[in-house]
There are 2 protein chains.
Amino acid sequence: MAALGLLARRPASGYDLLKQFEVSMANVWPATQSQLYSELNKLADEGLIEVTAVGARGRKEYGITAAGRDALRDWVLDFHHDPPLRSAALLRVFLLGEVTPEQAGDYLMAVAARAESTLARYEALRDAVPWNDTSDTDFYGRAALEFGLREAAMTAEWARWVAVRIDERSQ
Amino acid sequence: MAALGLLARRPASGYDLLKQFEVSMANVWPATQSQLYSELNKLADEGLIEVTAVGARGRKEYGITAAGRDALRDWVLDFHHDPPLRSAALLRVFLLGEVTPEQAGDYLMAVAARAESTLARYEALRDAVPWNDTSDTDFYGRAALEFGLREAAMTAEWARWVAVRIDERSQ
DNA sequence: AGTGACATGTAACCTGTTACATGATTTA
DNA sequence: TAAATCATGTAACAGGTTACATGTCACT
């Protein structure tokens, strides 16, 4: 669906999309090259996209069809079918009793450090990108970034909070 | 790995684990019956768990082995191999430009409402469970719950924040 | 005797990953 | 002309899902 979403903005080849994924959606929806090409063929088979131009080196430029745009709109507004998330990070927390309090504390401080470096990266992105509120792409990209910012800050605070409690408890 | 973690606490059968998953870990690591039984056989093949008792109706009770405990400790402290998360919910936000501002706003208010009901559920859980800080299981379970509480609150606030901005922008 | 809970497993299918494979075009 | 980039695809495998399949034991 991510590929369909990008093609809704403008036509592109698999190769183009791959690069767009790297810059704009890597944090949200990572996709491998192999996956993307088979996804494009599948979307084309279903009539949601179509080849709009053929270029050099076998390049196929795809564009979204009317049916594709309908399917995308349906998907965007339907959040009931979201797969339940499976968080290895949280599962670890459940199992932290298996290691010493020192190790558990170190682990949480590492989690906090990672969240803080993610936060710094997102802040840099927020400050570097000239967001233009009149563009939907910019506006909603900024909204998604805001989520990332808040989540990273929350995670770092939470990890330090737990680390402090582990420390208190182990004395 | 979740099964291994539960078996580290006490021996259990696949059937027992299935019920434990439903109550204690469903929010973090959902698992299907089919998956669990094949996982148990795989763990047994690898020598990380072993059958400690055979009961009626073919019941096999598994216990963690020394090798299993080592593997679990390694896994718990290693957060580098976490799979990158793929968030359908955030991808939707990126694509919200495909629908009208009204629909986008409704969508975000629905996200907020869902987060708030999750929050209420977690708060009820927090207040209902008699947490005993001297038990590792309780302590770390409480820490994981705290994450859930903060995440739900953050998500609800964020969704309302975005909804307000959509509203301002569409006037 | 029948129902419900206990208890485990297999088969078909889908999605995704890594690694492999191939070739065309541009640029230094 | 060699290297980098452009461009797409296949194969083997891993992990997960749904649905199917099977049988036992306790209780009424």
Side-chain angles (χ1 to χ4, degrees), chain A residues 1-7 11-23 25-46 48-63 71 75 80-88 91, chain B residues 1-7 11-23 25-46 48-63 71 75 80-88 91:
Chain A
M1 274 297 154
L4 189 59
L6 287 178
L7 289 176
S13 69
Y15 195 84
D16 294 339
L17 290 175
L18 216 51
K19 281 183 297 180
Q20 285 182 237
F21 267 106
E22 276 163 24
V23 295
M25 277 175 170
N27 298 308
V28 159
W29 199 269
T32 60
Q33 177 259 28
S34 177
Q35 175 63 13
L36 179 57
Y37 283 111
S38 46
E39 177 78 6
L40 287 173
N41 284 321
K42 203 185 121 213
L43 288 171
D45 284 349
E46 291 168 350
L48 304 183
I49 62 175
E50 62 190 358
V51 176
T52 51
V54 175
R57 282 166 286 197
R59 174 193 170 93
K60 287 185 284 186
E61 191 173 79
Y62 291 97
W75 185 81
H80 297 110
H81 299 44
D82 273 8
L85 60 330
R86 175 171 292 188
S87 166
L91 177 58
Chain B
M1 273 299 154
L4 189 59
L6 288 178
L7 289 175
S13 69
Y15 195 83
D16 293 338
L17 291 175
L18 215 51
K19 281 181 298 179
Q20 287 185 45
F21 267 106
E22 276 164 26
V23 294
M25 277 175 171
N27 299 307
V28 159
W29 198 269
T32 61
Q33 177 257 30
S34 177
Q35 174 64 13
L36 179 57
Y37 283 110
S38 47
E39 177 78 6
L40 287 173
N41 284 321
K42 203 185 121 212
L43 289 170
D45 285 349
E46 290 168 350
L48 304 182
I49 61 175
E50 62 189 357
V51 176
T52 53
V54 176
R57 282 166 284 195
R59 175 193 169 93
K60 287 186 285 185
E61 191 175 78
Y62 291 96
W75 184 81
H80 301 288
H81 300 43
D82 272 8
L85 58 335
R86 176 171 293 189
S87 166
L91 178 57

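All of these numbers come straight from a predicted model, not from anything done at the bench. Every chain is numbered from 1, with letters handed out A, B, ... down the list of sequences.
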Let me know the distance between CG of B:Leu85 and P of C:dG16, rounded to the nearest Å. 15 Å

Partner set under side-chain contact (heavy atoms from CB on, under 4.5 Å) for B:Ala53, not counting sequence neighbours: B:Glu61

Rounded to the Å, how far apart are A:Asn41 CG and D:dA11 P? 14 Å

Does C:dG9 have OP1 or OP2 sitting under 4.0 Å from an N or O in the side chain of B:Tyr37? no

For A:Arg86, salt bridge (charged side-chain N to carboxylate O under 4.0 Å, His left out) partners two or more places apart: none

Determine: side-chain N/O of A:Lys42 to OP1/OP2 of C:dC14, distance under 4.0 Å, yes or no. no

Which parts of nucleotides 17-28 of chain D does protein reach within less than 4.0 Å, heavy atoms only, written one letter per nucleotide 5' to 3' as B for base, S for sugar-phosphate only and - for none? BBB----BB---

A:Ser13: which residues meet the side-chain hydrogen bond (donor to acceptor under 3.5 Å, both in side chains) condition with it, sequence neighbours left out? A:Asp16, A:Arg59

Whole-Å distance between D:dG9 P and A:Arg59 CZ? 13 Å

Mind listing the closest non-hydrogen atom pair of B:Ala3 and B:Phe21 along with its distance? N-CZ, 3.9 Å

Please classify the nucleic acid contact of A:Ser13 as base, sugar-phosphate, or nothing, using heavy-atom distances under 4.0 Å. sugar-phosphate

Residues passing the side-chain contact (heavy atoms from CB on, under 4.5 Å) test with A:Glu50, sequence neighbours excluded, are A:Thr52, A:Thr65

For A:Arg57, enumerate each residue passing the side-chain contact (heavy atoms from CB on, under 4.5 Å) test, keeping only those at least two apart in sequence or located in another chain. none

Specify the separation, in whole Å, of atom CG of B:Leu43 and atom C1' of D:dA14. 15 Å

When the distance from CD of B:Glu39 to C1' of D:dG16 is rounded to whole Å, what number comes out? 11 Å

Atom pair CD1 (A:Ile49) and CG (A:Leu6), whose distance is rounded to the nearest 0.5 Å: 11.5 Å

Minimum heavy-atom distance A:Tyr37-A:Tyr15, with the two atoms named: OH-N, 3.4 Å

List in chain and number order the residues that pass side-chain contact (heavy atoms from CB on, under 4.5 Å) with B:Glu46, two or more places apart in sequence or in another chain; answer none if no residue qualifies. B:Lys42, B:Leu43, B:Leu48

Whole angstrom value for the distance that separates C1' of C:dC14 from CE of A:Met1: 15 Å

Under 4.0 Å from any atom of DNA chain D, heavy atoms only: list the residues of residues 15-22 of chain A that qualify, in numerical order. A:Tyr15

